[in-house]
Novice: 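First the structure, which I've put down as structure tokens, then a few questions once you've had a look.
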Amino acid sequence: MPELPEVETVRRTLAPAVGGRIASVWTSGMGLHMARRPPRAKLQKLVGARITTVRRHGKYLLLDTDHAASILVHLGMTGRLRIHGAADPRAPHTHVVLGLDRGELRFVDARRFGQVDVVAHGKERAHPALAVLGPDALDEALDGAAVLAAARDKRTTLKAFVLDQSVIAGVGNIYASEALWRAKLLPTTRTHTLTAPAARRLAGAIREVLERALTNGGTTFSDFVAADGKAGENAEYLWVYDRAGQPCKRCRTPIERTVLQGRATYYCPTCQIP
DNA sequence: CCGGAGACCTGATAGC
DNA sequence: TGCTATCAGGTCTCCG
């Protein structure tokens, strides 16, 4: 479910939890991502710690504490990180609960593709999940020149390229299709054929698409909600994703759906070109 | 190096 | 109504 705009929306709506002290920790004991369980003992050590900041890189959140460690969270497909009243009934599939001085921070994940871990300060780059990430998609440094440089040696398709978290961290399946439509580039275009002007368009389009979605509070089809429980509004603004057969918003040609690397891919066969 | 397929999980929805 | 098949915003691994 969640790509950069959704994760960033969660980060921002976690603001009320910042400054809170962790009073208790509960975990379900079930495995999440790759059958890895949230590390109960390491989380337990954070009892008494205060949450100082919440950072994001790509689709990962880092809840920093004043105990020299951060809580790493990835929402997977159906993960939710929400602030609740301690008396609120617990939703099914609740896997981690951090009791704060006021309220609770709960991680709920039906499909269990999400991840919760603890990382010592200064060891972030050594964490396997974070070590492989490229620059964040909203990083200022990610301009046309950077995209062109990253694209040059690759033989893959543009769709796979923008989805590759080691190249650009944060773009997922919805915004990959959206950005390529915005840049007027076909998803199947080979990466190494990208021209400088096309790379500039792609870099700009990625930023534009993500910032627009962020302004709209993220895209909600069924699962995504912010930390305050609110759904996103961006689904009604999507240009191509989930719009097969509907007219292109630029040229009225029906949008096509295909499958690339096993994932649904939407594009306009007329105004997107190699 | 690259793509494809399958794995990990559950729930929603469409079709019969 | 109830069954089955298909699909889903993410990653990871194996295979050719």
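The chains referred to below are lettered A, B, ... by the order of the sequence lines, with proteins before strands, and numbering in each begins at 1. The analysis underlying the following values was restricted to heavy atoms, covering all of them including side chains, and did not include hydrogens, waters or symmetry mates.
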Novice: Of the listed nucleotides (B/dG3, B/dC2, C/dG10), which one gets closest to any side-chain atom of A/Arg155?
Specialist: B/dC2
Novice: Measure from CE on A/Met34 to P on C/dT13 and round the result to the nearest Å.
Specialist: 7 Å
Novice: Describe the nucleic acid contact of A/Ala129 in one word from base, sugar-phosphate, nothing, applying a heavy-atom distance below 4.0 Å.
Specialist: nothing
Novice: Expressed as a whole number of angstroms, how long is the span from A/His74:NE2 to B/dC8:C1'?
Specialist: 14 Å
Novice: Tell me yes or no: between the side chains of A/Thr27 and A/His95, is some donor less than 3.5 Å from an acceptor?
Specialist: no
Novice: Rounded off to whole Å, could you give me the CG-to-C1' distance for the A/Leu163 and B/dG4 pair?
Specialist: 15 Å
Novice: With heavy atoms under 4.0 Å as the rule, sort A/Gln115 into base, sugar-phosphate or nothing.
Specialist: nothing
Novice: Would A/Phe221 and A/Tyr241 count as a close aromatic pair, with their ring centres under 6.0 Å?
Specialist: yes
Novice: Output the rounded distance in Å from CZ (A/Phe161) to P (B/dC2).
Specialist: 11 Å
Novice: Looking only at non-hydrogen atoms, find the nearest pair between A/Lys154 and A/Asp164 and report the distance.
Specialist: NZ-OD2, 3.7 Å
Novice: Do A/Arg212 and A/Trp239 have side chains that get closer than 4.5 Å, going by heavy atoms?
Specialist: yes
Novice: What is the distance, to the nearest angstrom, from the CZ atom on A/Phe107 to the C1' atom on C/dG10?
Specialist: 12 Å
Novice: Are any of A/Lys159's side-chain N or O atoms less than 4.0 Å away from OP1 or OP2 of B/dG3?
Specialist: no
Novice: Choose from C/dG10, C/dA8, B/dG3 the nucleotide whose nearest atom is closest to any side-chain atom of A/Ala264.
Specialist: C/dA8
Novice: In terms of side-chain heavy atoms of A/Tyr241, which of C/dC12, C/dA8, B/dG3 is nearest?
Specialist: C/dA8
Novice: Examine B/dC8: is either OP1 or OP2 under 4.0 Å from a nitrogen or oxygen in the side chain of A/His33? Give yes or no.
Specialist: no
Novice: Hey, is A/Arg200 close enough to A/Asp143 for a salt bridge, meaning N to O under 4.0 Å?
Specialist: no
Novice: Using Watson-Crick or G-U wobble geometry with both distances under 3.5 Å, which nucleotide pairs with B/dC9?
Specialist: none
Novice: Are any protein N/O atoms closer than 3.5 Å to N/O atoms in nucleotides 9-12 of chain B? If there are, list each pair with its distance.
Specialist:
residue : atom : partner  : partner atom : Å
B/dC9   : O3'  : A/Arg112 : NH2          : 3.0
B/dC9   : O2   : A/Arg111 : NE           : 2.8
B/dC9   : N3   : A/Arg111 : NH2          : 3.4
B/dT10  : OP1  : A/Arg112 : NH2          : 3.0
B/dT10  : O3'  : A/His93  : NE2          : 3.2
B/dG11  : OP1  : A/His93  : NE2          : 2.7

Novice: Within 45 degrees of the axis of the six-membered ring of A/Trp26 and under 6.0 Å from its centre: does A/Arg90 put its NZ or CZ there?
Specialist: yes
Novice: I want to check one thing: is the phosphate of C/dA8, taken as OP1 and OP2, less than 4.0 Å away from some side-chain N or O of A/Arg257?
Specialist: yes
Novice: Is the phosphate of B/dC1, meaning OP1 or OP2, less than 4.0 Å from a side-chain N or O of A/Lys154?
Specialist: no
Novice: In whole Å, I'd like the distance from the OH atom of A/Tyr60 to the P atom of C/dG10.
Specialist: 12 Å
Novice: In this structure, how many angstroms lie between the C1' atom of C/dG10 and the CZ atom of A/Phe224, rounded?
Specialist: 15 Å
Novice: Roughly, in whole Å, what's the span from CZ in A/Phe221 to C1' in C/dG10?
Specialist: 15 Å
Novice: Membership question, hydrophobic clusters at under 4.5 Å side-chain separation (ILVMFWY): are A/Phe161 and A/Leu138 in the same one?
Specialist: yes
Novice: On a whole-Å scale, what distance lies between the P atoms belonging to C/dT4 and B/dC9?
Specialist: 22 Å
Novice: Would you please indicate if the ring centroids of A/His74 and A/Tyr60 are separated by under 6.0 Å?
Specialist: yes
Novice: Check every strand shown and say whether A/Arg36 touches a base, only sugar-phosphate, or nothing at a heavy-atom separation below 4.0 Å.
Specialist: nothing
Novice: Once you apply a heavy-atom cut-off of 4.0 Å, does A/Gly262 come out as touching a base, just sugar-phosphate, or nothing?
Specialist: nothing
Novice: Taking B/dG6 as the reference, what is the distance to C/dA5 when you measure between their P atoms (whole Å, please)?
Specialist: 16 Å
